[in-house]
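Here's the structure, in structure tokens; my notes come after.
Read the numbers this way: they start at 1 and go in the same order the structure lists the ligands and their atoms.
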Amino acid sequence: MAISHEPTSTLRSTVLRMTEQMQVTDMHTHLFAPQFGELLLWGVDELLIYHYLISESFRWSDEEYETFWSWSKKEQADFIWQRLFIEHSPVSEAANGFLTVLHRLGLNVGSRNLDEYRKAFASRTVNEQVDAVMEAAGVSKIVMTNDPFDPVEQKVWLEGKGGADPRFYAALRVDSLLNDWPYAVRELTQLGYEVSEEWTERTREETRRFLSEWVDRMKALYLAVSMPGDFAYPVEDHRNRMIDEVMIPVCAEKDIPFALMIGVRRRVNPLLRSAGDMSMRSDVSAVEALCRRYPKQKFLVTMLARENQHELAVLARKFRNLMIFGCWWFLHIESIVEEMTRFRMELLGTSMIPQHSDCRVLEQLIYKWGHSRRIIGNVLADKYERLQASGWQVTDEEIARDLDDLFNRNFWRFLGRE
Ligand code: FIX
Ligand code: ZN
């Protein structure tokens, strides 16, 4: 469907202007507050070696994967720049996004001079860059992805410094508890929790204690996990026991949602490392069963396969404890963001969270939100124009309310933290 809408009506230009100006809560990212040091990725080379661009660049090269991984970040970035920007036009979403970032930060995209861009970024401190990027992206609140087993992160939290920047919020990631239990057992044991691979009463209690203590330590807004598409519920397996006997009770005790991101097939090409993950269809009925069984528990859910999106949006009509969010990963491309936003709005009105960025590198906030804002604003304007044609006039206050719901309040309200 066409994204440009000409001629631009007054209503549309008002909506687009207000959409541009609306500050956003980014409810799922892989960014970190500055006090996490090296975990906060930023700058030209990090932007270029984003895993989305790594996999795209190999489509144009016979280079051995291991050779690429043996290079420095700068060498990897040079390789990607050459393949995706110089030898071919950067029309993919992620490649285009890199140029959107440079452009919005005032660099001369036309010069095609990578070293000039590197120099411009090198003259900034990380704190200046966080301020400048959040301002340029119109993002005021960022939710991180926090793994208590990551040694760098763990240290910051244990020293009590994790919450130092009030613009950044924590989300406690529980992937290994659900998807790699033997590894989790080793990590939990190191942290002093008495757990075993065998599912015993003591293990259950200790895993609950771990989650409960770390939710408090991080002031985590929610628990989160990425699941493969074959995640099934209810069935007799480790994941189900962990959800029923640990995750749900802890979420209930702390009064926080459980975020499920479903439909990843990890490492289909292991040689590509983090760039080697694939999407996979999921069974929406697992979410249905969870929502029905735990009506008081809130679930934030996104799925990775395009094929699941409509069914998931319909399910959200049935369960108010289900909040669907974002156009995740391979869905975060112009055409699909438009398609998903449109039918979600047609099925749910404004009662959903249309986007999250999933940024791994700070400056990506600029392009991911820049591109999505324009699409979401145009879809909303289409809907208002239809109302207008029936004689229903939306006021500026109502437009601001709706945008605030979509970009902020639906999330905070769902958390009960308005
Ligand atoms: O599991 C996740 O949170 C995914 O978003 C990531 O693992 C993924 O690598 C990513 O960056 C997608 O955008
Ligand atoms: Zn993510």
Side-chain angles (χ1 to χ4, degrees), residues 25-32 39-42 46-56 58 92-98 101 139 142-150 153 168-180 183-184 220-231 239 257-280 282 299-306 308-309 324-334 336-337 340 353-369 371-372 411:
T25 300
D26 196 343
M27 53 76 68
H28 169 59
T29 76
H30 298 266
L31 300 177
F32 286 88
L39 292 180
L40 172 55
L41 304 180
W42 65 288
E46 294 291 356
L47 285 166
L48 281 170
I49 62 171
Y50 187 32
H51 66 73
Y52 292 26
L53 293 177
I54 291 175
S55 55
E56 289 174 32
F58 272 103
S92 76
E93 182 76 18
N96 182 334
F98 176 70
V101 169
V139 174
I142 294 175
V143 183
M144 306 177 278
T145 292
N146 302 98
D147 175 5
F149 299 154
D150 178 285
E153 204 178 320
F168 290 79
Y169 297 82
L172 173 45
R173 196 69 179 227
V174 294
D175 290 42
S176 58
L177 298 184
L178 288 154
N179 297 328
D180 190 356
Y183 163 80
L221 296 182
Y222 56 82
L223 297 188
V225 64
S226 295
M227 292 282 211
D230 56 12
F231 164 60
R239 284 198 186 107
F258 187 18
L260 291 152
M261 309 176 62
I262 312 173
V264 193
R265 193 141 44 102
R266 297 275 179 206
R267 304 295 192 263
V268 295
N269 182 353
L271 297 172
L272 270 174
R273 302 191 185 176
S274 61
D277 297 344
M278 175 72 187
S279 68
M280 158 181 201
S282 307
F299 295 95
L300 286 157
V301 177
T302 197
M303 286 187 164
L304 195 48
R306 183 189 189 186
N308 288 126
Q309 301 309 323
I324 57 170
F325 72 92
C327 304
W328 183 22
W329 204 338
F330 313 111
L331 304 171
H332 197 142
I333 55 174
E334 199 175 33
I336 295 191
V337 174
M340 284 174 61
I353 298 170
Q355 194 56 302
H356 69 273
S357 78
D358 235 307
C359 286
R360 285 184 176 258
V361 185
L362 178 67
E363 295 85 355
Q364 290 168 342
L365 286 170
I366 294 174
Y367 93 79
K368 297 208 182 212
W369 281 108
H371 293 184
S372 291
F411 175 66

Leu172 and side-chain contact (heavy atoms from CB on, under 4.5 Å): which single residue from Thr145, Asn146, Leu223 fits?
Leu223

If only atom types and distance count, is the side chain of Asn308 paired as donor or acceptor with the main-chain N or O of Met303 below 3.5 Å?
no

Keeping Asp277 on the side-chain end and Arg267 on the backbone end, is there a donor-acceptor pair under 3.5 Å?
yes

Proximity winner for atom 1 (O) of ligand 1, if only heavy atoms of Ser226, Ala259, Ala224 are counted
Ser226

Run the numbers for me: atoms of ligand 1, each under 4.0 Å from some heavy atom of His28, listed by number.
3 (O), 5 (O)

Distance-only, no hydrogens or angles: does the Glu153 side chain make a donor-acceptor pair with backbone N or O of Asp147 under 3.5 Å?
yes

So Phe325 and His28, would you call those rings parallel, tilted or perpendicular, with 30° and 60° as cut-offs?
perpendicular

Tell me, which protein residue and heavy-atom name are nearest atom 13 (O) of ligand 1, and how many Å apart are they?
Tyr52 OH, 2.6 Å

Which is closest to atom 8 (C) of ligand 1 in terms of heavy atoms, Tyr50, Trp329, Trp328?
Trp329

Under 4.0 Å, heavy-atom basis, I'd like to know which part of Met227 is in contact with ligand 1: side chain, backbone, both or neither.
neither

At the Zn ion (ligand 2), what angle lies between atom OD1 of Asp358 and atom NE2 of His30, rounded to 10 degrees?
80°

Could you name the option among Lys368, His30, His51, Gln364 that has the heavy atom nearest to atom 9 (O) of ligand 1?
His51

How far is atom 6 (C) of ligand 1 from the closest protein heavy atom, and which atom is that?
Arg360 NH2, 3.2 Å

Could you tell me, atom by atom, which parts of ligand 1 come under 4.0 Å of a heavy atom of Arg266?
1 (O), 7 (O)

A student checking ligand 1 against Asp358 at a 4.0 Å heavy-atom cut-off should list atoms 5 (O), 10 (C), 11 (O), 12 (C), 13 (O)

Given 3.5 Å as the limit, does a donor-acceptor pair link the side chain of Thr29 with the main chain of Val143, or not?
yes

Looking at side-chain heavy atoms only, is the closest gap between Arg306 and Ile336 below 4.5 Å?
yes

